[in-house]
Amino acid sequence: MSSLSQNLSKIFGEAFTALGLPAALGAVRVSDRPDLAQFQCNGAMSAAKQAGKNPRAVAQDVLDALEGHAAFSKLEIAGPGFINIILDDAYIAAHLQVLGADEQFGVAPEGAGQKIVLDYGGPNIAKAMHVGHLRSSIIGDCLRRIYTFAGYDTIGDVHMGDWGTPMGMILSELTLMGHTGPVTMELLAEIYPRASASCKEDEARMALARAATKALQDGDPEATARWREFIEVSIAGMKANFDALGVHFDEWKGESDAHPFIESMITDYKARALAVESDGALVVNVAEPGDKKEIPPLILLKSDGAVLYGTTDLATIIDRIQAHNPVKIIYCVDQRQFLHFEQVFRAARKGGMVRDGRPELVFAGFGTMNGTDGKPFKTRAGGVMRLEDLIAMGLEKARARLEEADIAADLAPEEREDIAQKVAIAAIKFADLQNPRHSDYIFDLDRMISFEGKTGPYLLYQAVRIKSLLRKAGLGDIAAAPLKQSILILDDVVRPLALLLAEFPDHFQLALENFTPHVLCEYVYRLAQAFSSFYGSCHILSEPDEAVRAVRLALCAMTYRQIEAVMALIGVQIPERM
RNA sequence: GGUCCCGUAGCUCAACCGGAUAGAGCAUCUGCCUUCUAAGCAGAGGGUUACAGGUUCGAGUCCUGUCGGGAUCGCCA
């Protein structure tokens, strides 16, 4: 199973091969000029360049080789040597037939039997989750869903920040306060900023924090007991946020879980002279001859003997390899940590954890979320917006929108609340995921929750309209079942939708290879638009011609299933009505 | 200062290996609810892809330079 363009690329590739040309040049893609063709092949121009021939002549040779092929209704050469392709409707229909019966919509289970670890979320102990955690959480969760869809056995790890100096700051603050009673999230939220601030301005205070950090990392029983206590209360808070977002993790590990691997790792690096002393610290030199820029060494131990996040990140790789032996480890973290992970990855290769590129260490960095002023996102008061506040604002807006709409008035309160939640989450997730992962983006709350145009709620709305239509046609269950329609007759009304449905594997593949959810967002939006256009151009239920009506309903069902599937990849659920 | 990323419509952003007439959304304007949900649809206007060169059949995309913005550059994460 595959996409139309993949199948056509194969046909063209064979034609190119028959002419003694590289099969790869036969690549066929969806046409840039829908007014001229459905698909195009540009390979004749490249081939002609390499062979020093006339591109149109090469294109003609290709067409001659394909003469009489049943897939094509029209093949023609245009411009300098483009080959324009229009398919035979029966060929499209047959393809759609297979696609519609496939649970995977043509996506091959390439990852079967292979494991992938994804590192995302990254919340910190004792700190309220804020908007900075939003991207990591939803992009990482989306990538996990994408890889799962491709057949991989995925392990999502939240990788909490539970081991660094902040832990020492809190521990020492509690000691200074003489606090012995139970620790609550409120208490932690109150003392952490205070401790952090005083450590920043007071070196002596910082020394206390460092000492406490060291004590914890050395296994001091009292420090450990207390630390466990505030980890527990923190996790409860994190889970509330992740549950609200519908973000899932398979493992709730943290930096501290790397601890058991650190000592032997350091001993090993030292024994092999990979780690050396420098200015009192223990470092791994990771600079390589071809470097344009000086890559600083990775510090394993600070001069006071404490470990850093680079140490735990490196040791975590050992943990993950031992536990899962993954083919890839994907880090969904802030783009600004690029250099850090470059250092860690190099150290991992140097240490032999990565051999022959396995596991492949992938830095899937994401850009900063900025406010409408272009600067890092802040609340109106200038503070960091808490994640739960952001979700609450989206929810409030969704409720208000439901109030306005008469349709929701007759629904039970529970259903309306459920709809409001789904709308809010769809708005938040789509607003984020539709941006290219690696670039910064302007986070505009008003735009995101306007629910108009290219938004999550628009997609939900289109999906719900299809569902409602199918229900009225008495086909409510077909939406969940593979397409059974035996003969598809295409006409100008349904053909664009049919061709778009067949594109899915192409877009999925791009998202998978490049770790780019926005490609799927773009596709599902186009699909919803194409459906809406189709929906507006003809009346389906009152269509007198039974065969035409059946085809249109079949396309509706298929479109619904595909929108639902892509939305599920994005991590969004579709309500029954809205 | 070194390195990397970015600069596309009034605003926010797309554009797969270099492909044809650079696409969406918002905003503006014009139509469309007495048949399937108007959170919608159809259409219009809006561009020297920062600037200057270069490579070639073809450049938003590749190369060089200039200007502007951002990130980062060993004991925080």
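Order of the sequence lines fixes the chain letters, A, B, ..., with proteins taken first and strands second; residue numbering starts at 1 for each chain.
R465(A) forms a cation-pi arrangement with Y535(A), by the criterion of a distance under 6.0 Å to the ring centre and an angle within 45° of the ring axis.
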(request) Produce a footprint string for nucleotides 70-77 of chain B: one letter per nucleotide, 5' end first; B if the base is under 4.0 Å from any protein heavy atom, S if only the sugar-phosphate is, - if neither. (result) -SSSBBSB

(request) Go along nucleotides 56-64 of chain B 5' to 3' and tag each nucleotide: B for a protein heavy atom under 4.0 Å from its base, S when only backbone or sugar atoms are that close, - otherwise. (result) -BB------

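Checked for salt-bridge contact, D291(A) and R346(A) meet the test: a charged N lies under 4.0 Å from a carboxylate O. Comment: D432(A) engages R135(A) in a salt bridge, judged by a side-chain N to carboxylate O separation of less than 4.0 angstrom.
At least one side-chain nitrogen or oxygen of Y458(A) sits closer than 4.0 Å to the OP1 or OP2 atom of rC41(B). Contact annotation: R471(A) does not reach the phosphate of rU37(B) (side-chain N/O to OP1 or OP2, under 4.0 Å). In terms of phosphate contacts, R401(A) brings a side-chain nitrogen or oxygen within less than 4.0 Å of OP1 or OP2 of rA39(B).
Aromatic rings from Y458(A) and F451(A) are positioned such that their centres are separated by 6.0 Å or more. Aromatic pair F345(A)/F363(A): centroids not less than 6.0 angstrom apart.
Atom P of rC76(B) sits at a distance of 32 Å from the matching atom of rG69(B), rounded to the whole Å.
Helical stems involving RNA chain B, defined as 3 or more consecutive Watson-Crick or G-U pairs under 3.5 Å, span B:1-7 with B:67-73, B:10-13 with B:23-26, B:28-32 with B:40-44, B:50-54 with B:62-66.
Across all strands shown, A24(A) has no heavy atoms under 4.0 Å from either base or sugar-phosphate atoms. Among the protein residues, P55(A) comes within range of no part of the nucleic acid, since none of its heavy atoms lies under 4.0 Å from any strand. Residue D313(A) is out of contact with every strand shown, counting any heavy-atom pair closer than 4.0 Å.
An aromatic stacking contact between Y461(A) and the base of rG40(B) is absent, as defined here by ring centres under 5.5 Å apart and ring planes under 30° from parallel.
Annotation: side-chain hydrogen bond (donor to acceptor under 3.5 Å, both in side chains) contacts involving residues 192-206 of chain A, sequence neighbours excluded, comprise S172(A)-R205(A), E173(A)-R194(A), E173(A)-R205(A), E190(A)-R194(A), E203(A)-R210(A).
R437(A) contributes no side-chain N or O that, together with a main-chain N or O of G367(A), makes up a donor-acceptor pair within less than 3.5 Å. When atom types are taken as modelled, the side chain of S234(A) and the backbone of F230(A) share a donor-acceptor pair closer than 3.5 angstrom. Counting only distance, with no hydrogens or angles, the side chain of S136(A) and the backbone of V333(A) share no donor-acceptor pair below 3.5 Å. Judged by distance alone, the side chain of H539(A) and the main-chain N or O of S542(A) form a donor-acceptor pair under 3.5 Å.
Of the residues in residues 534-546 of chain A, those placing a heavy atom less than 4.0 Å from an atom of RNA chain B are Y535(A), C538(A), H539(A), I540(A), L541(A), S542(A), in numerical order.
Against the 90° criterion about 0, the sugar-base torsion of rC4(B) places it in the anti range.
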Taking distance alone, no hydrogens or angles, what donor-acceptor pairs closer than 3.5 Å link side-chain atoms of residues 43-60 of chain A to residues at least two apart or in another chain?
unit_1 : atom_1 : unit_2 : atom_2 : d
N54(A) : OD1    : R56(A) : N      : 2.9
R56(A) : NH1    : G79(A) : O      : 2.6
Q60(A) : NE2    : D64(A) : OD1    : 3.0

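If A37(A) and K472(A) are placed on RNA chain B by their nearest nucleotide, the residue sitting closer to the 5' end is A37(A).
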